[in-house]
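Below is one structure; the comments refer to it alone.
Everything numeric in this text was worked out from a predicted model, so none of it was measured. Position 1 is the first residue of the sequence; numbering continues from there.
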Amino acid sequence: MSTTISPQLSKLIKKRATIKSSIEVIRIYVNKFNKSTQSIRQLQIRLKSLTQYMSEFNDVQQCICNLDQGEEEEPERLEFEDMNMTLVANIEDIIAECNAATVQNISHSSSTSGGETVRITALVQRFINNCKLSHLNKLDGRTVGLLTITEIADAERFWVTNAQINAFEDELSSLKAGKLIEVERHNYKLNIKSEVTAYVL
């Protein structure tokens with residue numbers, strides 16, 4: 001005796017299959033991901049999509065169970081969910097490894113060109129920000145641990161801005177006052193857009 005599947009159940013089963021296919025595409029991409037040639041941003045985008053697919057799958061599966069009482073599919077569902085959790089962990093591990101490598105490269109580069117000053121500046125800026133958060137009773141927002149890429153970049157930007165202020169003090173004053181500035185100075189042409197814009201903006 002054949003069992004007739006309702007149109008609603010058939011539609012849900014097709015939707016579930018589509019979600020599984022989408023997750024499998026992500027799994028294949030992650031397995032072939034090359035950290036040296038591919039962007040970490042691609043993984044971050046796929047991780048976000050993966051979590052959405054997993055949520056949609058759970059919703060669809062629950063609807064199927066409500067209609068079909070499909071208890072026989074429970075072991076298969078649990079195995080599929082376990083595979084998805086492993087996939088999420090693998091993506092997060094790769095992202096963490098790439099971030100750690102980036103920080104290490106920045107630190108190594110900085111150590112050969114005033115890196116100690118940059119790191120100290122970043123730590124001082126973090127201390128100031130944490131003090132502000134403590135004053136506002138927002139202790140959970142404080143930053144701890146190793147310096148982040150953003151903190152190092154902000155510290156480098158601080159010194160670049162100060163160097164621009166010192167090197168082009170007259171030009172910056174003229175620009176702020178809406179006056180014209182000399183195009184040539186100290187035997188070289190002043191590139192206003194590349195050398196001054198960072199401070200003016």
Measuring from [X]:[atom1] to [Y]:[atom2], what's the distance to the nearest 0.5 Å?
X    : Y    : atom1 : atom2 : value
R27  : T86  : CZ    : OG1   : 8.5 Å
R126 : L147 : CZ    : CG    : 5.0 Å
I40  : L47  : CD1   : CG    : 10.5 Å
L43  : D93  : CG    : CG    : 11.0 Å
M54  : E56  : CE    : CD    : 12.0 Å
Q8   : I13  : CD    : CD1   : 11.0 Å

Carboxylate-amine/guanidinium contact E81 R77, below 4.0 Å: yes
Backbone of F158 reached by a side-chain donor or acceptor of N162 within 3.5 Å: yes
Backbone of L12 reached by a side-chain donor or acceptor of R16 within 3.5 Å: no
K35 vs I94, side chain to side chain contact (heavy atoms under 4.5 Å, CB included): CA-CA, chis, key distance, verdict: CA-CA 8 Å; K35 290 181 287 187; I94 296 174; 4.0 Å; yes
Y53 and its side-chain contact (heavy atoms from CB on, under 4.5 Å) partner, picked from T18, I23, N58: I23
Shared hydrophobic cluster, I91 / Y29 (ILVMFWY, side-chain heavy atoms < 4.5 Å): yes
Shared hydrophobic cluster for V60 and M85 (ILVMFWY, side-chain gaps under 4.5 Å): yes
Step-by-step side chain to side chain contact (heavy atoms under 4.5 Å, CB included) determination, E151 to T143: CA-CA 10 Å; E151 288 176 317; T143 305; 3.6 Å; yes
T121-W159 side chain donor-acceptor pair, cut-off 3.5 Å: yes
Donor + acceptor pair across side chains of N66, Q62 (<3.5 Å): yes
Heavy-atom pair of closest approach, residues I152 and V118: O-CG1, 3.9 Å
Row check, F57 ring normal vs K20 NZ/CZ: under 6.0 Å, within 45°: no
Verdict with reasoning, E92 to K48, per salt bridge (charged side-chain N to carboxylate O under 4.0 Å, His left out): CA-CA 11 Å; E92 291 179 343; K48 183 177 180 180; over 6 Å; no
Criterion side chain to side chain contact (heavy atoms under 4.5 Å, CB included) on S55 and D59, from CA distance to verdict: CA-CA 6 Å; S55 177; D59 292 340; 4.2 Å; yes
